[in-house]
Every structure is written in structure tokens, then in C-alpha cells.
Amino acid sequence: MAPELIEKLHEKREKERRLPELDVTDGVVMRIAPNPNGPSTLGIARGIIINHEYARMYNGKFILRFDDTDPKIKRPMLEAYAWYEEDCEWLGAKPDEIVIASDRVDRYYEYAEKLIKMGKAYVCFCAQKVFKRLKDSKKACPHREQSAEGNLESWKKMLAGEYDEGGAVLRIKTDIKHKDPALRDWVAFRIIKTAHPRVGDKYQVWPMLDFESAIEDHLLGITHIIRGKDLMDSEKRQKFMYEYLGWEYPKTSHWGRIKIHEFGKLSTSGMKKAIEKGLYEGWDDPRLPTIRSFRRRGIQPDAIRNFMIDLGVSGTDIAVSMDTLYAENRKRIDPMANRYFFVHDPVRLTIKNAPPTVAKAPLHPNIDRGVRKIFVQGDVFVCKEDVERMKRGEILRLKDLYNIKITSLKPLKAEYMGNDLSIIRKGAIIHWAPVDGVKVEVLAPDREYKGIGEEGIKSEPDNVVQFERFGFVKIDSVNDVIRVYFAHK
RNA sequence: GCUCCGGUAGUGUAGCUCGGCCAAUCAUUUGGGACUCUCACUCCCAAGACUGGGGUUCAAAUCCCCACCGGAGCACCA
């Protein structure tokens with residue numbers, strides 16, 4: 001192909017990977033604002049990657065902000081703060097700034113007071129159900145008419161801890177008759193007496209996401225917000241505040257629901273429960289869609305990044321398959337992964353008349369990195385799956401070793417048949433493991449595989465390798481038993 | 001019930017702003033083939049879509065209306 005044509009192809013491919021342009025007037029400041037009530041998941045990685053990518057595209061700023069303002073229901077996890085930083089960095093999205101909401105509660109109080117004084121917020125003592133009934137019929141509650149002074153006094157009492165949990169909330173006045181019920185006089189602060197994992201019992205009055213996020217986005221100078229469409233109404237609620245305070249709302253766009261075939265609908269809290277019950281080994285269990293898990297399985301950050309950028313930012317609800325991510329990952333790890341034999345559910349195969357042989361198998365089929373030498377004298381292990389397909393009298397090739405003829409199935413026996421490569425045909429080559437091989441356990445999303453591998457696997461801790469005819473894996477730990485995490489086919 | 005958003009091949013996506021160059025892009029997937037001592041990689045070939053109905057127009061995936069389908073919000077969660 002002509003070089004200029006190849007050039008053109010590359011150009012085209014580059015274009016695919018780009019996100020749609022942003023409407024930029026004056027710089028770009030993006031943020032990802034998770035609640036650290038668990039580690040980052042694939043869903044949050046989308047937010048991290050897309051927002052960071054936009055900041056990068058426009059030489060802007062990328063901020064990681066922890067919206068950890070609920071010490072009770074979605075209680076933050078102390079370790080998760082550092083995990084988020086780690087995961088962002090690993091994904092190639094190192095934040096330029098990190099902000100923690102629970103450090104800045106006093107500021108939120110200041111703005112609350114300001115809004116109360118402006119007559120744009122009021123302390124509401126209605127029971128939740130009572131208010132809902134009023135709101136649904138477009139009726140104001142009696143507390144809405146309280147004077148600014150009266151509200152200020154109640155607010156101070158709230159802060160002083162004079163009310164019980166659920167006894168009072170601060171509401172932002174919007175339009176109680178607004179046609180959209182989701183926008184009518186929303187809650188900005190509520191009382192929570194549970195201690196916060198970071199700041200303890202310093203505060204008993206906590207802002208709701210809509211309030212905290214509204215203030216922070218302004219203070220941090222966020223120019224563009226890109227997030228899930230579940231937060232669409234949040235924008236409409238916050239815009240009332242922005243108008244009262246004379247601020248300009250960032251430009252926004254929202255993407256749809258993302259569902260991953262292979263993982264179903266696992267929420268952070270759902271995963272937490274399952275881990276506590278012992279169903280999973282931990283947050284980085286390979287069966288969980290957390291970034292920590294992907295990292296442990298040998299999924300490359302670039303693969304995740306391209307995958308996310310390819311998904312784009314459309315408002316459509318999408319259901320994606322991990323196959324696409326795996327294909328992306330395979331392209332990256334195939335050149336670097338050395339090849340080894342691993343036999344799961346091993347069956348001992350006795351070979352008659354075989355001369356002692358040193359098998360020489362290439363570490364990589366396309367790149368010359370030398371060979372692995374495996375000494376074999378007579379017997380080897382083969383996969384139960386392969387045994388089940390064997391027929392008596394069949395001639396097979398033990399890959400990189402020699403040929404055999406199956407002479408018996410019940411006790412599995414074979415006969416040495418020389419080394420003639422011309423017998424090789426599709427489906428007649430199987431892999432094997434030496435009888436003195438190492439014990440290997442592979443933890444895969446669907447099951448755990450136990451078996452025997454060749455000695456050389458020991459020399460690859462933390463590396464991604466390919467177990468031939470099995471799949472790509474990452475060597476997790478090397479002890480008496482080698483622990484391995486399965487990546488994909 | 002009220003409010004909002006969206007519907008391009010199996011899956012995701014480009015095209016829609018400013019209608020014609022769209023018999024619709026790219027990737028993945030699936031099928032076939034080549035190569036190969038892996039069911040991996042690479043390469044080649046093929047398959048497969050504008051939700052439906054009206055309207056505007058010389059011309060509609062693109063603009064307008066209706067219908068249908070999907071999703072989100074209406075929390076003292078984020």
C-alpha cells in the first residue's frame with residue numbers, strides 16, 4: 001500500500017477516538033465528583049476519563065472532588081479516598097486539584113445563611129410525608145412564609161443541635177407551583193447525628209448533593225459538567241440558586257444509563273454487602289467491575305480509556321459488552337505477553353517409548369524472545385477437556401514436544417509417534433504440562449481453575465502472560481501455589 | 001400521575017447544527033478464507049441499520065407533527 005494511503009488510514013483512526021468538541025468560551029475546568037463510599041467502578045471511570053480527556057484537549061484543568069456529604073446512608077469509606085487518587089492516576093487522569101467536601105462545610109453554611117437572609121431559603125419543620133403531599137398538590141407549607149429573621153434563628157438552632165434528626169431541614173425556595181414536581185422547594189440541608197468517618201461529629205447539619213455541588217462548581221470555576229442523566233434535574237434545581245446569587249451555571253451535557261452485560265446491575269452498596277458476606281474476596285475480586293479489579297486482571301489503562309472515548313457522550317442508554325474492552329486490551333497485551341502452558345483439571349498421560357526430550361517452545365510466537373525449555377521424560381499432564389474429545393487410535397501433536405497416538409482412554413495412555421510436523425492439522429494440537437510442574441490457580445469471573453503449569457510462570461510475577469489455548473492472565477502472586485487472575489480469551 | 005431526555009446493523013459509534021457528496025463511517029461481533037506447532041495475533045472477504053406514520057421540499061437519517069418504544073427525576077441518597 002502506498003505510504004500516503006496508510007497515513008490516511010491512521011488519520012481516520014485518530015479521528016474516531018476523539019470526543020466531540022466542547023462549546024468553549026473561556027478556558028476549560030472539568031471535574032469528577034464521586035462519593036468515596038467504595039472504590040471507583042467502570043461506570044465512574046467513564047466520568048474520570050471523559051472529563052479528564054476534555055481538560056486535556058483544551059489544556060484545561062481537571063479536578064477530583066469528593067462529594068462525601070452523607071455520613072449515614074451512603075457513608076464514605078476512609079480507604080476509598082486514596083484509592084480514587086490511585087485509580088485516576090493509573091487511568092492516566094491525574095487530577096490537577098483535589099477537593100474534599102467534608103473539609104469545606106463551613107463555606108456551605110455561609111452561603112446558606114446568605115440565601116436565608118435573601119429570603120430564598122427557609123427552615124421547614126414538616127414531616128417528609130406531609131411536605132410531599134403539599135408539594136404534590138402545589139401547596140406551600142406554613143414555614144415557607146416565615147420571615148428571614150425567623151428562619152435565621154431556626155437555622156442557628158439547627159446548627160446548635162437543638163433539633164433531632166428529621167426534625168428540620170433547610171429548603172431552597174423555587175416555585176412551589178412549578179409544573180415539574182421535581183423542582184419544587186428542594187432540601188438543601190438536613191440533620192444527621194451520625195459521625196462522619198473523616199471529620200467525626202464536627203457537623204450535624206449536612207448539605208445535600210444539589211447544594212454542595214452547586215456551591216463548589218461555582219467556587220472551583222467549573223466551566224463544563226458532563227455526567228449521567230440521572231443528575232439532569234439537579235441542574236434545574238441548582239439554577240434557581242445560581243440566579244439568586246447572580247452566578248453563571250456551567251455548560252452541561254448528560255450521558256445515558258450504561259449497562260454492562262457481563263456484570264449486570266451491581267451497585268457500590270450491593271457489592272459492599274456481597275463482599276461482607278464473603279461472596280467475593282474483596283473490592284479487587286476479578287468478578288467485580290471495579291477499576292482495582294481490572295488492574296489486577298491485567299486490563300491496560302489505555303484500553304479502558306479508548307473504550308470509554310469510543311462510547312462517546314450521547315444521551316442514549318447503552319448496553320455494552322466487555323468483549324469490546326477485551327478486544328481493545330488484547331491488541332495491547334498480545335505483543336508483551338509471554339506464552340506458557342497451563343493445564344487445568346489435569347489428567348496424567350502415560351506415553352510409551354518416548355525418549356527423554358527437552359521441549360523448546362517460543363516465549364512469543366511472532367516476536368523473538370527466546371524459548372522456554374521443558375524437560376519431559378515419559379509422562380505429561382493434559383487438560384480434561386481435551387481428553388474428553390480424544391478417540392482411541394487418534395494421532396495428536398503435543399505442542400512443541402512430539403506426536404503421540406492414543407492407545408487407551410480409561411487409564412490414559414499413548415505411544416510415542418516421532419516428531420513429524422507434517423501430521424499437524426487443525427484441532428490436533430494440544431498443550432500439556434510437565435509432571436513436575438508448578439501448581440497454578442486461576443481466578444476467573446465464571447469459575448476458579450486449578451491445575452499445573454510450567455516452571456517458567458514463576459519468573460513472571462505481576463506480568464501479563466498468555467496461557468496458550470486458555471487466555472490472557474496476570475500472575476498475581478508466586479508462592480507454593482501460583483495465584484493468577486484471568487483477564488480474557 | 002406530573003416533568004424531562006433519547007431512539008442509526010447483534011453491540012457501541014460517525015453523520016443530524018447549515019437537507020443533496022449517505023445505496024450511510026469506524027470499531028466490535030458473527031460467518032468464510034489465508035498464515036501459524038495456541039481456539040491467540042496478523043491479513044483478506046462477507047454479513048448486518050436510519051422505530052413507524054404523516055407533512056415540508058426538486059431532494060429528508062438530517063427540518064416539522066403524531067404515534068410507538070426505551071430511560072431518568074418527582075428522597076431529610078449520591
Side-chain angles (χ1 to χ4, degrees), chain A residues 9 12-13 15-18 20 33-37 67-70 72-76 124 126-128 131-132 135-136 138 165-171 178-184 186-192 205-206 208-210 212-213 228-237 254-259 261 268-269 306-307 309-312 314-321 323-328 330-331 333-335 337 339 341 359 361-362 364-367 397-403 419 421 423-431 466-472 488-489:
Chain A
L9 274 176
K12 226 175 181 180
R13 201 163 275 191
K15 216 174 170 185
E16 284 312 311
R17 303 282 171 186
R18 209 165 290 146
N35 176 12
N37 60 337
D67 284 355
D68 58 343
T69 57
D70 175 17
K72 199 174 176 183
I73 299 170
K74 289 194 177 171
R75 189 176 171 78
C124 174
C126 292
Q128 209 170 334
F131 187 87
K132 179 175 167 51
K135 181 206 72 180
D136 285 345
K138 301 185 178 178
E165 244 176 66
V169 295
L170 186 75
R171 287 186 186 278
H178 199 285
K179 62 174 182 171
D180 184 347
L183 310 189
R184 297 171 196 157
W186 49 274
V187 173
F189 286 84
R190 82 294 210 190
I191 298 163
I192 298 174
V205 175
W206 287 92
M208 300 288 289
L209 172 79
D210 282 339
E212 175 267 337
S213 174
K229 71 178 180 184
D230 48 317
L231 261 15
M232 234 171 206
D233 287 345
S234 204
E235 170 174 355
K236 292 178 195 151
R237 283 190 284 264
H254 301 265
W255 57 64
R257 260 300 230 233
I258 177 168
K259 228 193 297 174
H261 287 316
T268 301
S269 42
N306 274 345
F307 174 70
I309 290 173
D310 254 9
L311 289 190
S314 82
T316 323
D317 298 316
I318 55 177
V320 296
S321 163
D323 283 350
T324 317
L325 211 205
Y326 294 158
E328 195 72 54
R330 194 150 39 224
K331 283 180 204 152
I333 61 178
D334 183 76
R339 268 56 172 176
F341 291 147
H364 195 281
N366 313 321
I367 304 163
R397 170 76 181 172
L398 292 175
K399 189 168 185 293
D400 302 307
L401 187 62
Y402 45 59
N403 305 331
N419 202 23
L421 284 177
I423 74 121
I424 295 170
R425 58 175 211 281
K426 232 179 146 79
I429 301 165
I430 61 168
H431 67 292
Q466 188 203 44
F467 287 167
E468 296 195 53
R469 304 210 306 140
F470 181 78
F472 291 93
H488 48 74
K489 265 285 187 196

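Keep in mind it's a predicted model, so treat the numbers as computed, not measured. Per chain, numbering begins at 1; letters A, B, ... match sequence-line order. Scope of the values below: all heavy atoms of this structure, side chains included, with no hydrogens, waters or symmetry mates.
As the counterpart of B:U56, no nucleotide is assigned, since no Watson-Crick or G-U wobble pattern has both distances under 3.5 Å. Applying the Watson-Crick and G-U wobble criteria (two distances, each under 3.5 Å), B:G1 pairs with B:C74. A 3.5 Å limit on both hydrogen-bonding distances identifies B:A46 as the Watson-Crick or G-U partner of B:U30. A 3.5 Å limit on both hydrogen-bonding distances identifies B:G6 as the Watson-Crick or G-U partner of B:C69. The pairing partner recorded for B:A23 is none, the criterion being a Watson-Crick or G-U wobble arrangement whose two distances lie under 3.5 angstrom.
The separation of B:U11 from B:C2, taken at their P atoms, amounts to 31 Å, rounded to a whole angstrom. For the C1' atoms, the distance from B:U13 to B:C50 is 14 Å, rounded to whole Å. One P atom belongs to B:A61, the other to B:G54, and the distance between them is 14 Å to the nearest Å. Nucleotides B:U36 and B:C41 have their C1' atoms positioned 9 Å apart, rounded to a whole Å. Of the C1' atoms belonging to B:C43 and B:G19, the separation is 40 Å, rounded to the nearest Å. B:A40 and B:A49 have their C1' atoms separated by 31 Å, given to the nearest Å. B:G15 and B:U8: their P atoms are spaced 14 Å apart (whole Å).
Closest approach to the A:Ile429 side chain among B:C37, B:A78, B:G70 is made by B:C37 (side chain taken as heavy atoms from C-beta onward). The nucleotide whose nearest atom lies closest to any side-chain atom of A:Asn366 is, among B:A40, B:C37, B:A72, B:A40. Nearest nucleotide to the A:Ala182 side chain, out of B:G70, B:U38, B:G73: B:G73. Minimum atom distance to the side chain of A:Asp233 is reached by B:G73, of the listed B:C76, B:A78, B:G73. Here B:A75 is the nucleotide among B:A40, B:U28, B:A75 with the atom lying nearest to any side-chain atom of A:Val187. Comparing B:U29, B:G1, B:U42 against the side chain of A:Ala327 picks out B:U29 as the nearest. Distance from the side chain of A:Asp67 is smallest for B:A78 among the nucleotides B:C76, B:U28, B:A78. Proximity note for A:Met208 (side chain, C-beta onward) versus B:G73, B:A40, B:A75: the nearest is B:A75. Counting only heavy atoms from C-beta on, A:Lys331 has its side chain closest to B:A27 among B:A27, B:C74, B:C41. Side-chain atoms of A:Asp230 lie closest to B:G73 of the nucleotides B:G73, B:C37, B:G71.
Residue A:Ile258 contributes atom CD1, which lies 10 Å from atom P of B:G12 at whole-angstrom precision. At whole-Å resolution of the value, CG in A:Asp210 and C1' in B:C76 are 13 Å apart. Computed from coordinates, the A:Lys236 NZ to B:C5 P distance equals 6 Å when rounded to whole Å. When the P atom of B:C41 is taken as reference, atom NZ of A:Lys489 falls 10 Å away, rounded to whole Å. If you measure from atom CZ of A:Phe307 to atom P of B:U11, you get 15 Å, rounded to the nearest angstrom. Taking atom CZ of A:Arg184 as the reference point, atom C1' of B:C74 lies 8 Å away to the nearest angstrom. Atoms CG (A:Asp323) and P (B:U29) sit 6 Å apart, rounded to a whole Å. Atom P of nucleotide B:C37 and atom CG of A:Asp400 are separated by 9 Å, given to the nearest angstrom.
Residue A:Arg75 qualifies as enclosed at atom CZ: its count of foreign heavy atoms under 6.0 Å is above 12.
At a threshold of 4.5 Å between non-hydrogen side-chain atoms, the residues A:Phe341 and A:Lys399 count as touching. Counting heavy atoms from C-beta outward, A:Asp67 and A:Lys74 have side chains that stay 4.5 Å or more apart. At a threshold of 4.5 Å between non-hydrogen side-chain atoms, the residues A:Asp323 and A:His261 do not count as touching.
OP1 or OP2 of B:C5 has not a single side-chain nitrogen or oxygen of A:Thr316 nearer than 4.0 Å. Contact annotation: A:Arg190 side-chain N/O to B:C77 OP1/OP2 distance is under 4.0 Å. Between B:C2 and A:Lys138, no contact under 4.0 Å exists linking OP1 or OP2 to a side-chain N or O. OP1 or OP2 of B:C76 sits under 4.0 Å from a side-chain N or O of A:Gln128. Using a 4.0 Å cut-off, some side-chain N or O of A:Lys179 falls inside it from OP1 or OP2 of B:C4. Proximity of A:Arg330 to the phosphate of B:C41: a side-chain N or O atom is located under 4.0 Å from OP1 or OP2.
How far CZ of A:Arg397 is from OH of A:Tyr402: 10.5 Å, rounded to the nearest 0.5 Å.
Of the two residues contacting RNA chain B, namely A:Arg339 and A:Ile191, the nearest-nucleotide position lying further toward the 5' end is that of A:Arg339.
For B:U28, its base never sits under 3.5 Å from the side chain of A:Glu328 at any donor and acceptor pair.
As judged by a 4.0 angstrom heavy-atom cut-off over every strand, A:Lys132 is placed among residues touching the sugar-phosphate backbone only. Within the 4.0 angstrom heavy-atom criterion, no nucleotide atom of any strand lies near A:Leu183. Nucleic acid contact for A:Phe131: none, since no nucleic acid atom lies under 4.0 Å from a heavy atom of the residue. Looking at heavy-atom distances under 4.0 Å, A:Thr69 makes contact with sugar-phosphate atoms alone, never a base. A:Ala319 comes within 4.0 angstrom of sugar-phosphate atoms only, judged by non-hydrogen atoms across all strands, and of no base. Within 4.0 Å (heavy atoms only), A:Lys135 reaches sugar-phosphate atoms of the nucleic acid but no base atom.
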